[in-house]
Amino acid sequence: MKKEEMDLLFQETFDHNDYRLFFAPGRINLIGEHTDYNGGHVFPCAITYGTYALVSKRKDNAIRLYSENFPEEGLIEFDLTNLHYDTKHSWANYAKGMINYLKQAGYKIENGLDILIHGNIPNGAGLSSSASIELVIGIALEKLFNLDIERIEIVKIGQQVENNFIGINSGIMDQFAIGMGKKDFGMLLNCQTLACEYAPIQLHQHHIVIMNTNKRRTLADSKYNERKSECEEALEVLKKVTNISFLGELTEGMFENVKNYLPNEIIQRRVQHVVSENSRTLKALRALKANDLHEFGQLMDASHCSLRDDYEVTGKELDTLVETAWNQKGVIGARMTGAGFGGCAIAIVEKEQVEQFIDKVGAIYKEKIGYEATFYVASIGDGARELTEEEDK
Ligand code: GLA
């Protein structure tokens with residue numbers, strides 16, 4: 001959106017246009033799925049699609065928010081002195097949670113705010129539009145109130161909002177990728193220690209194509225929490241027979257020796273996924289460093305199979321996209337990305353084949369599923385930040 005359009009929109013909504021502009025990206029995860037809350041490794045990157053927040057401080061305690069993405073919700077208003085979760089505040093609860101938790105952590109936020117949001121990440125598509133709102137609000141508060149806060153603190157507070165305010169027991173990956181992303185780099189993150197290695201993503205003649213199933217993710221949250229509980233159940237058992245403190249510590253060799261202690265075949269498969277995915281993620285970094293895109297692609301494919309067969313979080317829409325993608329010309333690898341149960345998949349596709357790829361996968365998807373998928377070519381961008389006049393918006 002152009003500066004003039006933003007000025008106009010802010011003016012129309014709040015009767016003035018004295019705002020500062022902030023941006024937080026969305027993210028894709030290249031590999032390492034459902035490993036973050038198990039203390040394993042993930043390999044995400046921030047993308048150039050994201051959430052813009054136009055924010056200004058008020059003199060009173062009112063917080064007023066409007067999102068271009070949810071015009072039907074209208075102007076949402078609450079008070080700095082009453083920051084409890086409220087269903088009727090819909091998407092604005094993510095912002096409210098951030099303000100609430102930053103205050104609780106002792107940061108001084110003593111004025112109300114006018115906030116206008118507009119985002120170009122498809123909502124609820126598994127590209128972390130919610131973490132993107134959390135982070136854009138977090139850095140807006142940091143800058144407007146001159147908070148002396150480390151970026152990693154904002155990232156952790158974002159995760160707490162998701163877990164304790166919203167009620168999704170997600171890991172740290174999304175907020176980390178969005179808060180710490182770097183243009184053209186992926187991040188190999190150890191979710192237990194938060195040690196992070198930035199790795200340049202050099203795809204040469206290839207693009208990353210995001211494929212959105214456009215499936216409504218109605219059961220996604222409860223299924224997500226169910227997987228997390230299954231992992232916790234497994235960990236309790238395995239702690240008694242090994243010296244691990246989280247599933248991410250379990251190697252493939254160790255798993256073979258202890259898997260029979262697990263209560264049933266389903267729980268065994270869940271752990272099998274976590275263990276194999278964690279190992280694939282480390283191998284993927286090595287493959288990328290060795291410039292072996294072919295190996296990287298194979299690891300992506302294997303990751304999808306494991307999420308489909310062992311962790312069971314894909315479903316027919318994601319499987320149709322990914323399996324169709326595998327059969328197309330110029331495809332290095334493809335897998336679902338994010339939590340699953342709908343949402344998006346990614347494919348690494350030769351630049352020259354992208355157009356044909358989209359046509360073919362799109363047509364087959366429509367025929368099998370009955371509605372359209374949407375495709376985007378992803379660029380890897382920087383993490384959350386204030387946008388200045390010079391920066392290209
Ligand atoms: C969601 C969660 C992340 C992570 C992924 C699965 O995106 O928010 O923390 O668990 O699912 O890898």
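Whatever order the structure lists ligands and atoms in, that order sets their numbers, starting from 1. This chain uses plain numbering: 1 for the first residue, then up along the sequence.
- By the 4.5 Å heavy-atom criterion applied to side chains, Glu197 and Met187 are not counted as neighbours.
- No close placement of the Phe22 and Tyr52 rings is indicated, their centers lying 6.0 Å or farther apart.
- For Tyr49 and Tyr376, the ring centers sit closer than 6.0 Å to each other.
- In the displayed structure, Asn264 atom CG is contacted under 6.0 Å by more than 12 heavy atoms of other residues, nucleotides or ligands.
- Aromatic ring orientation, Tyr224 versus Tyr37: perpendicular (interplanar angle above 60°, classes split at 30° and 60°).
- Cation-pi geometry between Lys96 and Phe78 is met: under 6.0 angstrom from the ring centre, within 45 degrees of the axis.
- Protein residues with a heavy atom under 4.0 Å from ligand 1 are Arg27, Glu33, His34, Asp36, Tyr37, Ser170, Gly171, Met173, Asp174, Tyr224, Gly338, Ala339.
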